[in-house]
Every structure is written in structure tokens, then in C-alpha cells.
J.: 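Got a structure for you, written out below as C-alpha cells; questions coming shortly.
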Amino acid sequence: MQESWTIERVLQLAPDPASAKAGQGLGSARKWVSSGLEDNVLWGECQGSGAKPYQVQIDLGEPAFKCSCPSRKFPCKHAIGLMLIHAGGGVTAAAKPQWVAEWLAGRIERIKKKQEKADAPPKPLDAEAQANRRAKRLERIGQGLSATRIWAEDLIRGGIAAVPSQGYEFFDQPARRLVDAQAPGAARMVRDLASVAGSGAGWQRSFVSSLSSLYLLTRAFDSVESLGEETSNDVLTALGMGLEPDRVLARAGVRDRWQVVAREVETEDRLRAQRTWLFGATARRVALVLHFAHGTAPLDASLAPATEFDGEISFFGDNQVRALVRTRENVRAIDVPAGFDSLEAACIAYGDALSRQPWLGEIVLPIRQIVPDKTSDGWRFIDASGRAMPARFGGDHAWTCAAVSGGHPIDVAAAFDGGRLRPLGAFAGGEYVSLADATGAEA
Amino acid sequence: MLDELVKVALVGTGRDSSPPPAAGEPLDAALEAVKSGSAEARLLGAAAIASAYERCGCTPMAAEHRPQAATTDTLSPCSPHAGQILSMLLADGGAHKAPLVAEWLGHAVRANRRAPHRLLPKLLDYAASRRDVREQVARVADARGQWLARQNPAWQFGVAPTGDAAADWETGTGDQRLAALRALRERDPGRAADLLRATWDQDAADDRAAFVEQFATRLSAADEPLLEFALDDKSKRVRAAAAELLARLPESAFVRRMTGRAVALIKYAPPKGRAKQGVIEVTLPAEPFDESLTRDGIVEKPTEQIGRRQWWLLQILSLVPVGAWTKAWGVTPEECIAATAGEFKDVLVRGWLASATRLADVPWIKAILLATLSKDLRYDTLAALRALDVAGQEAVIGELLTADGTTFETLTQILHLTTAPLSGPAADAAIARTEAYVASRPASYDYALPGVLDQLSLRLPVNVYDRLVERWTGDRWEANRKSLDSFFHTLGLRRDMKREFTP
């Protein structure tokens with residue numbers, strides 16, 4: 001089964017709302033001198049203001065785009081327009097013209113070269129220089145962390161009652177110190193403390209939890225060299241000194257049928273962070289693929305929710321969820337979503353992952369056959385055995401989730417932090433519905 | 001255990017340095033590892049262990065009750081692509097796409113299809129802010145939509161009465177009282193009349209006039225006593241409002257009085273000899289002003305540049321049902337208009353049009369607009385189209401657009417004033433007028449075109465798409481590319497919608 005392209009999915013690819021709108025303007029056959037589809041490759045010629053029409057080509061598998069127009073947006077409005085026509089069933093099968101065949105051949109060549117490069121043994125590195133750099137960085141981190149530890153201890157000695165009334169500087173200063181010490185992961189934990197302190201009723205408990213987790217990290221770092229390889233990797237990853245991608249890809253991959261169960265995009269300043277969550281149908285392992293893009297640069301669109309593939313994934317550590325895709329074959333729509341059969345099974349899986357790696361945070365778990373239910377205290381999910389977990393939805397997604405369920409069990413992919421479920425997507429009636437915020441096209 | 005630690009953390013280990021409490025198995029073994037060090041270190045270490053333990057051990061609780069599931073929908077779902085189109089239309093709330101949303105709903109209702117479940121919240125939100133689509137939305141939302149709406153107070157919009165209208169009427173603010181009266185007119189028109197009489201003497205003149213206007217809702221002969229009573233009011237506005245409504249009651253004493261006055265002033269002589277048309281002779285009302293006219297809502301002093309007696313005649317004519325003339329003289333509206341001549345022609349036609357507009361009389365409106373088309377057809381004359389329902393508009397617009405005197409300017413005004421779809425000859429005529437206009441203009445941006453193209457994209461039949469794609473090309477069109485792109489986008493969307501709902 002081929003992945004299906006819907007209008008919604010196409011518009012999500014748009015780098016900004018203006019492109020989405022312009023693409024819709026071109027989403028009618030009027031402007032198109034020619035168009036066609038063969039072997040999952042889509043092409044068309046769009047008459048612009050110039051004499052020569054723009055040539056657009058799209059490999060739907062990736063998807064990958066190319067257009068002869070001068071736009072720096074990516075994908076450009078012509079690509080979006082053509083895909084919209086395709087989504088509406090307006091492109092008919094045809095044989096590839098020469099210019100498309102050439103582009104495709106070039107692409108295959110480039111992919112092959114890239115693959116060869118990836119498969120080639122890593123360049124021999126100057127081991128001594130590298131060890132030196134690492135030792136220097138560890139020293140700086142160590143200094144930053146001991147200052148943080150003193151800060152945390154002072155906080156506990158004086159009592160945390162007054163923390164919510166502290167100004168911005170109170171958390172920003174120690175966070176910046178950690179950034180300077182090259183420990184961005186720890187810096188983020190300090191910044192998160194600020195939002196926990198401002199989260200209203202019940203903040204005290206979460207604050208002590210988060211602060212103690214940070215404290216644990218500073219203590220663990222003391223013995224980082226004597227911990228086992230994986231644990232030491234966990235500590236360094238939590239600090240923001242995780243493995244380099246080439247080292248990750250050098251690790252053995254986990255082969256499985258990987259299902260893409262959820263995707264969310266967060267925007268901070270001009271940086272967009274895309275978190276794509278996968279679930280291994282056989283290994284029952286959760287994987288997170290991160291992708292960043294500045295401004296209107298495109299986010300990687302290759303891992304679309306509700307698709308699955310056979311392939312290998314390499315993790316940033318045995319206890320880590322973050323991973324990179326090594327190989328990907330047979331991309332198709334998910335037929336039967338895999339997942340945990342009860343809320344309890346999902347909780348156990350989370351506890352298991354957390355017990356191996358205490359700085360785990362939220363992970364997305366697919367849970368089968370649960371029912372969303374609105375109570376006077378907010379939303380919750382009930383499973384087949386009649387047990388319930390509270391849920392917290394973003395935006396209006398709670399009603400969308402309730403609408404597709406209608407009080408009947410559905411399969412839900414939800415972020416879980418050990419307390420509440422935060423649903424990001426649902427399979428209902430053979431259709432996937434995103435419950436996550438922020439896609440490329442939403443302003 | 002974490003709760004104990006949080007208590008200490010709040011006041012600070014500086015004040016409360018008691019060692020972390022015992023937790024029992026299995027935590028004690030782990031806690032041994034953080035027993036040494038300062039009080040702060042002990043607390044943070046213990047908290048780290050306790051909170052990890054808690055998060056690891058989170059477990060679902062038994063649910064006392066389960067939600068009631070929705071019953072099965074009665075309609076089959078719309079096609080996936082039709083669902084995607086609706087999703088796109090509702091993406092930013094739907095407010096800017098209202099005509100297209102209405103068209104989608106119309107297709108779905110006719111084809112007996114329901115909306116996709118995932119779009120129900122957006123659709124119900126849309127209906128909550130728009131009264132005119134609620135019935136259709138309720139239908140295409142089907143059983144799942146009813147089930148969903150019951151759970152959200154914002155979607156409890158039915159015709160169910162809200163609150164106690166009588167109490168609001170007695171104690172409410174001006175707006176509340178108006179709303180209460182309007183609601184009551186819908187449910188129990190007679191009771192609304194009783195309420196209004198009860199407070200009449202205490203209400204201000206402007207309020208009384210606004211209240212009387214509400215009686216347009218479900219107006220019937222039963223309202224005549226109240227409206228006659230309102231004619232005795234000392235306020236001009238109240239009398240005018242009452243006269244306006246009485247003129248819509250053909251059997252009322254008011255209409256008999258007014259018709260009697262008019263018949264005495266206007267005589268029709270059928271065609272004589274070889275003449276094609278009859279002749280209407282007009283006698284203006286006599287000076288001095290008849291005071292009985294004041295009670296029937298007629299104003300003595302002209303509010304425009306017109307003679308006093310012509311002014312009185314104009315008002316009398318406008319309050320006489322226009323059908324009375326055609327019936328009494330046994331002629332068509334066209335023959336009536338043709339029989340007017342000379343200095344009073346304008347007064348007669350304006351009076352008839354005012355009456356025809358009030359009564360939404362299609363043959364009369366059509367006859368008057370066509371007769372005046374070739375001359376300077378004024379915007380306020382065309383505004384009579386607004387009084388007609390969609391079917392009436394369709395009937396009149398078709399003839400207007402195909403008539404000889406129609407210009408691009410007329411087309412612009414008609415499209416602005418009406419909402420009816422264009423079909424057949426009307427559509428062809430609208431296309432031809434637009435093409436002629438574009439051909440007559442220089443190849444540059446045109447300010448009048450976007451508004452017309454916007455309207456046409458929503459109202460032309462979708463099967464003209466391919467024809468227009470072929471024809472609307474060239475420099476003059478390309479100079480207005482943005483409007484043209486949006487025209488074809490909307491028309492194409494409507495064509496897709498129609499296709500998706502055609503079995």
C-alpha cells in the first residue's frame with residue numbers, strides 16, 4: 001500500500017502560511033502546462049510570469065522536491081500546488097519525460113554516494129587530540145556542575161517557599177553559567193525549573209522532584225569515569241554531551257518494523273524542533289528522531305505519522321530513546337498499529353525505561369484500545385480492564401479525540417512522564433488523526 | 001515520603017534539619033547511599049530516589065464509571081476528499097469561507113452524507129457562531145455530533161428557550177428586553193403583544209418603536225388591534241413602524257383606508273383606438289394636509305426635494321399593496337408602468353417599487369427594474385432585489401442580466417446586492433459582460449474586477465470552469481493574475497465539491 005497524500009498532509013509541508021496559501025492558488029489545473037505521475041515520482045510544468053514554465057519534480061517517497069523557480073522557500077509554492085492537485089486525484093499516470101528521468105538518475109547517484117560515504121570506515125582521528133578536548137570539556141562541565149550543586153543546596157537550606165516570586169534572573173543566571181560550561185542539557189533543566197515554579201497549585205512537589213533530578217546529575221558526574229560505558233553515556237547525554245551522529249550510526253542498529261506514531265513541532269524564537277516518535281512493533285522499543293530547522297528552512301518530512309517501514313535504527317545509547325534512522329525500506333501506511341494492550345502495561349514499560357535512565361523525561365507510548373472520557377476533573381483514558389489514567393490535551397485536541405472515539409476504544413499514541421498522558425495522535429476507524437500542536441503551515 | 005521531604009524543603013533545611021524519614025522496603029536500601037553528607041545533600045538525594053520511585057510506580061486507578069458510547073451514525077460518511085475540503089474550509093474558523101462552507105453543507109445534506117468525525121468539533125464551533133447553518137450542521141454531524149454536543153455547553157444551541165422571557169421583559173436592560181420580546185414572538189406571538197401593552201405607557205418612544213418593529217416576526221391579522229393602537233401614539237417613529245407592518249396585512253382596515261385614498265387619486269383609462277397602452281391620470285391630494293393621514297404614519301413635511309402634495313401621494317402609494325392595481329385594472333405590471341407618463345411618472349413608479357419591495361412581489365420588482373434599466377438605474381432602485389428570497393432573485397437577475405441596457409456597472413451592483421446563484425442565460429450573460437469589460441480596458445490592474453470575480457467564483461455554475469480556463473487568458477487577464485488565480489481556485493474547489501458528492 002502506497003502512502004496516501006491528503007490536502008492536510010501537503011499543507012503541513014509548507015514552510016510558512018504564505019506558501020500554503022500561494023500553493024492553494026496554484027492547486028488548480030489552470031496553471032499547469034503538463035503534469036504526470038510514475039513510480040511515485042510526480043512532476044509538472046507551471047506557467048509563471050516568465051516565458052518558460054517552471055519545472056517541478058517531486059519524489060513522493062522521501063519526499064524530495066526540486067523546482068526551477070527562483071524561490072528560496074522549500075518546498076516552494078509550485079511543489080505544494082502540484083501536490084495539492086495530486087491529493088485531489090488530479091494528476092494522471094504518464095511516462096516520465098526526459099528532464100524528470102535525468103533528475104531522478106542524478107538523485108539516485110547522489111544517494112548512492114552518500115550511502116558509500118556512510119558505510120566507509122570513519123576517518124582515523126587524532127586520538128590524543130580528541131582525548132585532550134574531551135578532558136578539557138569534562139573539566140569545564142565539572143566546574144559548572146559544582147557551582148550548580150552549591151546553588152541547589154543553598155536553595156534547599158533557605159527553603160523554596162519564596163521561589164515562585166523570584167525574578168527571571170534567579171534561574172537565568174545559573175542556566176547561563178551551565179551553557180558557558182558546555183552543559184546545555186543541565187542548563188535546560190535549570191530553565192525548566194523556572195516554569196515548574198510558575199506552574200501554579202502543586203508546584204512544590206514537581207519542583208523538588210526536578211531539582212533533585214538535577215542534583216542527582218551533578219552527583220553522578222563526579223563518578224562519570226567509573227560508571228559503566230552505558231551509564232556514563234546516559235549521564236553525559238543528560239548534560240548535553242551525547243554521542244556524535246557518526247558515532248551513533250557506527251553502533252549496531254535495531255532492525256524492526258518501525259511505526260511512526262506521532263510527530264510534534266515546537267518553535268522557539270526562529271528555531272523549529274521536530275520530534276518524531278517511532279515504535280518498534282517487535283522489539284517494543286520507543287525511538288525519538290529529532291530534527292531542527294531555522295526560520296523557513298524545511299523540516300524533514302520523510303517520517304510521516306501513520307506510516308511504517310522495515311529498517312534499522314541506531315540509538316544514542318542502550319538506555320536512550322533518541323535515535324537515528326540507518327536504513328528504511330518498504331515505507332507504507334500502518335495497517336495494524338502496534339502498542340501496549342493496557343494502561344498498566346504502558347506504565348510498566350515507562351517504569352522500566354526510567355529505572356535504567358533516571359533523566360528520561362517524557363516518552364511517547366502507543367496504547368491500544370482506550371477510551372477518552374471527560375470528567376469534572378478533566379480528561380482521562382479508560383482501558384479495557386476498566387482502569388483509568390488522567391490526560392492533558394493541547395488546544396482543542398481533547399474534543400477531536402472524543403469525536404473520533406465516540407466513546408468507543410481507539411489506539412492512542414501519548415507522551416507519558418510517569419504521571420499523565422499527553423496524547424499526540426490517534427488511530428480510529430482506520431484513520432490517523434494528529435492531536436499534536438504546531439505544524440509547518442500554522443502561524 | 002516525597003511529601004515529607006517537600007515540607008522540609010519549603011521551610012529549608014536551615015530551619016528543619018531532621019533526617020529524611022524512613023520509607024520502608026524497598027527504598028531503604030537505596031536511601032542508605034545518600035545518608036552521608038550535609039542535610040541538604042541528604043534531602044535532595046532522598047527526593048531524587050523517592051520521586052523516581054514514584055514515577056516508576058505510577059499505575060492506573062480503577063474507573064468507577066465508563067462513558068456512554070455514541071450510537072451508530074445514520075448517514076454514510078462523505079468521501080475522504082470531500083472531508084479534506086471541509087477541513088481546509090474550516091481551518092481558520094471558516095468565517096472567511098462562509099459561502100463555501102454553506103455550499104459544502106448543502107451538498108452533504110442533499111447527498112445524505114455526514115461530515116468526518118475528526119471535523120465535528122470545528123463544525124460545531126462554526127455552527128455555534130452562525131445561526132443560519134445550525135439545522136444543516138445538526139444533520140451532517142449525525143449521531144456522533146449529537147453525542148459530542150451533549151458534552152460541551154458551548155454546543156447546546158437548539159431553539160430551546162433560554163431563560164424566562166417574561167422576567168427579562170419586566171426587569172431587563174433595553175437590549176435584554178428587546179431580545180426577550182423577539183424570542184417570545186417566535187414562540188408565542190400573542191403573549192408578546194400582551195407584554196408590550198402592559199408596559200407601553202412607561203417605555204420611551206424609541207423603545208416603543210423598536211418593540212413594534214419586532215412584530216414583523218410571525219406577523220398576522222391577530223396583531224392588527226395592537227398595531228392600530230400604536231397608530232394613536234404621539235411619536236412619529238412609532239406610527240411609522242406600525243404603518244409599515246399594517247401595510248403587510250392585506251385584510252386590515254389600514255390597507256382599506258389607504259387603498260380608498262389612493263383609488264380616489266389615480267384613474268386608469270384602457271387603451272383607446274390604436275394606442276397600445278392605457279393612460280393613468282393622477283390627482284394630487286388636496287391642500288390643506290388631511291390630519292387623518294398623520295395617524296396612518298404619513299409625514300406632512302417632505303424630507304427631500306419634492307412638492308408637498310407629490311410627497312403625500314408617494315407615501316400613500318407605497319402603503320397600498322401593489323397587487324391591488326393590477327387586480328383592479330386587469331392589467332400586468334408592465335402595462336401599468338407603460339401607462340405612466342408625464343410629471344408624475346417618477347412618483348408612481350417609486351411608490352409602487354416601495355410597496356413591491358415591502359411585499360417581495362417578484363413580477364412587480366422585475367417589471368420596474370427592467371423598465372428603468374435603460375435609464376439611469378440607481379443603486380437604491382436595485383436594492384429592491386434584497387427583499388427577494390433566492391428563488392425570487394434568480395428569476396429577476398436572469399432577466400436583468402440578459403436585458404439590453406445592462407452594463408458591467410449594473411452587473412457589479414447586482415452581484416453586490418444579491419446572493420442567488422447564477423445559472424443558464426444569467427450565467428452566460430454575466431460572463432459575457434465581464435469579458436466585454438475586460439476587452440474594453442487597458443492591460444493593467446483593474447480596481448473593479450476583483451470584487452466581481454470574487455462574486456462570480458461563488459455563484460457561476462461549476463461546469464463553466466474548463467471553458468473559462470481556455471478563454472480567460474492574455475495580457476488583460478494576466479494583469480489581474482491574483483484575482484484570476486483566486487477565482488479559479490474557488491471555482492475549482494466548488495467543482496471538486498460537487499464531484500465528490502455526485503454518486
Side-chain angles (χ1 to χ4, degrees), chain A residues 6-8 11 24-31 49 87-89 152-154 156-161 204-205 208-209 211-213 215-216 219 342-344 347 350-351 354-355 358 371 373-374 380 382-383 386-389 396 399-400 402-404 406-408 417-419 428-429 431 433, chain B residues 2-3 5-6 9-15 38-41 43-48 50-52 54-63 66-70 80-81 84-85 87-88 116-122 125 144 147-148 151-152 469 478 481-482 485-486 488-489 491-493 496:
Chain A
T6 62
I7 295 178
E8 284 131 327
L11 292 179
Q24 286 180 48
L26 294 172
S28 59
R30 176 177 108 79
K31 288 279 170 180
S49 42
E153 288 177 352
D154 285 350
I156 287 298
R157 189 174 310 113
I160 61 168
Q204 300 92 336
R205 235 169 173 278
V208 171
S209 276
L211 185 66
S212 67
S213 175
Y215 185 77
L216 185 67
R219 293 282 298 265
S342 68
L343 291 167
E344 174 137 51
C347 287
Y350 181 80
L354 183 67
S355 66
V371 185
D373 178 35
K374 188 170 178 278
R380 62 176 183 174
I382 305 177
D383 67 10
R387 307 233 271 164
M389 286 284 282
D396 295 331
W399 289 108
T400 308
V404 298
H408 303 284
D417 61 0
E431 203 185 341
V433 180
Chain B
L2 189 56
D3 289 324
L5 296 170
V6 171
L10 271 173
V11 297
T13 46
R15 267 169 231 135
S38 64
E40 297 77 47
L43 185 135
L44 284 166
S51 79
E54 231 181 63
R55 286 163 70 209
C56 282
C58 174
T59 177
M61 309 295 269
R66 296 174 140 273
Q68 186 137 39
H81 190 57
Q84 290 170 30
I85 292 175
S87 160
M88 202 158 71
H117 291 153
R118 74 198 141 90
L119 297 179
L120 291 176
K122 280 209 164 120
D125 277 344
R144 184 64 60 91
W147 174 87
L148 202 60
Q151 302 178 59
N152 188 339
V469 164
E478 284 304 318
R481 173 133 41 102
K482 258 204 155 126
D485 280 348
S486 129
F488 281 112
H489 174 61
L491 194 61
L493 204 61
D496 292 354

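Numbered from 1 within each chain, the chains take letters A, B, ... in sequence-line order.
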J.: Just so I understand: if I count every heavy-atom pair under 4.5 Å between each of A/Gln24, A/Glu431, A/Gln204, A/Glu344 and chain B, which residue has the most?
T.: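 Max contact count across the listed options: A/Gln24.
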
J.: Using a 4.5 angstrom heavy-atom cutoff, name the option from B/Gly492, B/Ser51, B/Ala63 with the most pairs to chain A.
T.: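 Most heavy-atom pairs within the cutoff with chain A belong to B/Ala63.
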
J.: Can you tell which part of B/Ala46 gets under 4.5 Å to a heavy atom of chain A, answering side chain, backbone, both or neither?
T.: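 Neither the backbone nor the side chain of B/Ala46 comes within 4.5 Å of chain A.
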
J.: Verify side chain to side chain contact (heavy atoms under 4.5 Å, CB included) between A/Ser209 and B/Arg55, making sure each step is shown before the conclusion.
T.: CA-CA 10 Å; A/Ser209 276; B/Arg55 286 163 70 209; 5.7 Å; no

J.: Do any N or O atoms from the side chain of B/Arg118 and from the backbone of A/Val433 form a donor-acceptor pair under 3.5 angstrom?
T.: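 No: the side chain of B/Arg118 does not pair with the backbone of A/Val433.
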
J.: Is B/Arg144 in contact with chain A via its backbone, its side chain, both, or neither, using a 4.5 Å heavy-atom distance?
T.: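 Just the side chain, heavy atoms under 4.5 Å.
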
J.: For residues A/Ser355 and B/Cys56, report the shortest heavy-atom separation together with the two atoms involved.
T.: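 Heavy atoms of A/Ser355 and B/Cys56 come nearest at N-SG, 3.9 Å.
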
J.: Minimum heavy-atom separation for B/Trp147 to B/Ala69, with atom names?
T.: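 Closest approach of B/Trp147 to B/Ala69, heavy atoms only: NE1-C, 3.6 Å.
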
J.: Flag the one option from A/Asp396, A/Thr400, A/Asp154 with the top tally of heavy-atom pairs under 4.5 Å to chain B.
T.: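 Going by pairs under 4.5 Å, I would pick A/Thr400.
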
J.: Flag the one option from B/Lys482, B/Met88, B/Arg15, B/Gln68 with the top tally of heavy-atom pairs under 4.5 Å to chain A.
T.: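 Heavy-atom pair counts peak at B/Met88.
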
J.: Heavy atoms only, distances under 4.5 angstrom: which of B/Gly57, B/Ala52, B/Ala70 has the most pairs with chain A? Name it, please.
T.: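 The answer is B/Ala70.
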
J.: Please look at B/Ser486 and chain A and tell me whether the side chain, the backbone, both or neither of the residue comes under 4.5 angstrom of a heavy atom of that chain.
T.: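 Neither; nothing under 4.5 Å.
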
J.: A/Leu216 versus chain B, heavy atoms under 4.5 Å apart: side chain, backbone, both or neither?
T.: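 Contact with chain B: side chain only.
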
J.: Relative to chain A, which of B/Asp496, B/Leu493, B/Asn152 shows the most heavy atom pairs under 4.5 Å?
T.: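 Option with the greatest count: B/Asn152.
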
J.: Looking at A/Arg219, A/Arg205, A/Arg380, which one has more heavy-atom pairs under 4.5 Å with chain B than the rest?
T.: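 Of the options given, most contacts go to A/Arg205.
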
J.: Given a strict heavy-atom distance threshold of 4.5 Å, which part of A/Val404 is in contact with chain B: side chain, backbone, both, or neither?
T.: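 Both backbone and side chain of A/Val404 come within 4.5 Å of chain B.
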
J.: Name the member of B/Ala39, B/Ala62, B/Ala9 that forms the most heavy-atom pairs with chain A at distances under 4.5 Å.
T.: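 Counting heavy-atom pairs under 4.5 Å, the top option is B/Ala9.
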
J.: Of the backbone (N, CA, C, O) and the side chain (C-beta and beyond), which part of A/Leu211 lies under 4.5 Å from a heavy atom of chain B, both, or neither?
T.: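 Both the backbone and the side chain of A/Leu211 come within 4.5 Å of chain B.
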
J.: What are the two closest heavy atoms between B/Leu44 and A/Ser212, and how far apart are they?
T.: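 That would be O-CB, 3.3 Å.
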
J.: Closest approach of A/Met389 and B/Cys58, non-hydrogen atoms and distance?
T.: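 Scanning both residues completely, I find the closest heavy atoms to be CE-SG, 3.9 Å.
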
J.: Kindly indicate, with the supporting measurements, whether the criterion side chain to side chain contact (heavy atoms under 4.5 Å, CB included) is fulfilled by A/Trp399 and B/Gln151.
T.: CA-CA 10 Å; A/Trp399 289 108; B/Gln151 302 178 59; 3.8 Å; yes

J.: Run the side chain to side chain contact (heavy atoms under 4.5 Å, CB included) test on A/Ile7 and B/His81 for me, step by step, so that the C-alpha distance in whole Å, both residues' side-chain angles and the decisive distance to 0.1 Å come before the verdict.
T.: CA-CA 8 Å; A/Ile7 295 178; B/His81 190 57; 3.6 Å; yes

J.: Determine yes or no for a side-chain-to-main-chain donor-acceptor pair under 3.5 angstrom, with A/Asp383 supplying the side chain and A/Leu343 the backbone.
T.: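 Checking the backbone N and O of A/Leu343 against the side chain of A/Asp383, a donor-acceptor pair under 3.5 Å is found.
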
J.: Test side-chain hydrogen bond (donor to acceptor under 3.5 Å, both in side chains) on B/Gln84 and A/Thr6; report intermediate values, then the result.
T.: CA-CA 7 Å; B/Gln84 290 170 30; A/Thr6 62; 4.7 Å; no

J.: Can you name the closest pair of heavy atoms from B/Val469 and B/Phe488 and give their distance?
T.: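 The answer is CG2-CE2, 3.5 Å.
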
J.: Is it the backbone or the side chain of B/Leu10 that comes under 4.5 Å from a heavy atom of chain A, or both, or neither?
T.: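 Its backbone and side chain both get close to chain A.
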
J.: Quick check for you: among A/Ala152, A/Ala403, A/Gly88, which has the greatest number of heavy-atom pairs under 4.5 Å with chain B?
T.: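 It is A/Ala403.
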
J.: Any idea which of B/Arg66, B/Glu478, B/Lys122 has the most non-hydrogen atom pairs under 4.5 angstrom with chain A?
T.: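 Winner by heavy-atom pair count: B/Arg66.
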
J.: Among A/Pro358, A/Ser213, A/Ala402, which has the most heavy-atom pairs under 4.5 Å with chain B?
T.: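 Answer, by heavy-atom pair count under 4.5 Å with chain B: A/Ala402.
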
